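Below you'll find the structure, written out as structure tokens, and then a few comments.
Bear in mind that the values here come from a model prediction, so they are computed numbers and not experimental data.
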Amino acid sequence: MSSRRLQLVWSIKQAPQAMLRIAFASTDRCRVNQHFGAAEGFVIYEVTPDKATLVGVAEFAEEAMDGNEDKLAAKVDFLAGCAAVYVMAIGASAIKKLMAVGIQPIRVGEVDAVEELLVEISGAIRDGGVAWVDRAIAAQAKATASDRFAAMDDEGWQG
């Protein structure tokens, strides 16, 4: 079975200031219950201080846990733009690939409900104090600042 993907694309030109895309390795879209390398599915949310919106779902063919490093590329590609991915377990090579593209892998100790994690992430965006969330928001702000002249050009500023 080949992979299947769904991603929603918004027509709004500017996203809310404090927003992070977060992925969860899940077979049922309700619980984090998959090892990254063997994950059969991911669900992606855009999380703000006051809400979380489902924006992407992917299903992948069942994979063996060992011996197929090529399986990681499609998963990392699907997660492009995410600040973090929650998983039950993850190998060193997957961590290295995710970190290289700016995605923080987060391992949960037991099967965690996606909804509860979304509430925690929203609170961390609003209140601060969670290191990886603070870093992701700072990186996002830095990237936005470097694009300000392009945004001014898009708005028709003359100068």
Without swapping roles, check the side chain of [X] against the backbone of [Y] for a donor-acceptor pair under 3.5 Å.
| X | Y | answer |
| --- | --- | --- |
| Ser122 | Thr48 | yes |
| Asp134 | Gly129 | yes |
| Arg21 | Cys82 | no |
| Asp77 | Ala80 | no |
| Ser26 | Val32 | no |
| Gln34 | Val87 | no |
| Asn33 | Met88 | no |

If you round to the nearest 0.5 Å, how far is [atom2] of [Y] from [atom1] of [X]?
| X | Y | atom1 | atom2 | result |
| --- | --- | --- | --- | --- |
| Asp28 | Glu40 | CG | CD | 11.5 Å |
| Arg31 | Asp112 | CZ | CG | 11.0 Å |
| Gln140 | Leu20 | CD | CG | 5.5 Å |
| Ile22 | Ile121 | CD1 | CD1 | 4.5 Å |
| Phe42 | Phe24 | CZ | CZ | 12.0 Å |

With a 4.5 Å limit on heavy-atom distance, are the side chains of [X] and [Y] in contact?
| X | Y | result |
| --- | --- | --- |
| Tyr45 | Thr53 | no |
| Tyr86 | Leu117 | yes |
| Ile106 | Trp132 | yes |
| Leu72 | Leu98 | no |
| Val57 | Ile44 | no |

So which atom in Pro105 and which in Ile103 form the shortest heavy-atom distance, rounded to 0.1 Å?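 So the two residues come closest at CD-O, 3.2 Å.
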Which atom pair, heavy atoms only, marks the closest approach of Gly56 to Phe78?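 For Gly56 versus Phe78, the nearest heavy atoms are C-CZ, 4.2 Å.
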Kindly confirm or rule out a cation-pi arrangement of Lys75 over Phe60, judged by NZ or CZ under 6.0 Å from the six-membered ring centre and within 45° of its axis?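 Yes - Lys75 lies over the ring of Phe60, closer than 6.0 Å to its centre and within 45° of its axis.
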Check the surroundings of atom CZ in Arg107: do more than 12 heavy atoms from other residues, nucleotides or ligands lie under 6.0 Å from it?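 Counting other residues, nucleotides and ligands, CZ of Arg107 stays at 12 neighbours or fewer.
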Are Val108 and Val119 grouped together when hydrophobic residues (ILVMFWY) are joined by side-chain heavy atoms under 4.5 angstrom apart?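 No, it is not one cluster - the side chains of Val108 and Val119 are not joined through contacts under 4.5 Å.
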Given the rule in the side-chain contact (heavy atoms from CB on, under 4.5 Å) test, do Gln104 and Met99 qualify, once you have shown the distances and angles that lead to the verdict? CA-CA 6 Å; Gln104 176 69 50; Met99 296 297 285; 4.0 Å; yes
Hey, are Arg29 and Glu59 close enough for a salt bridge, meaning a charged N less than 4.0 Å from a carboxylate O?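 Yes.
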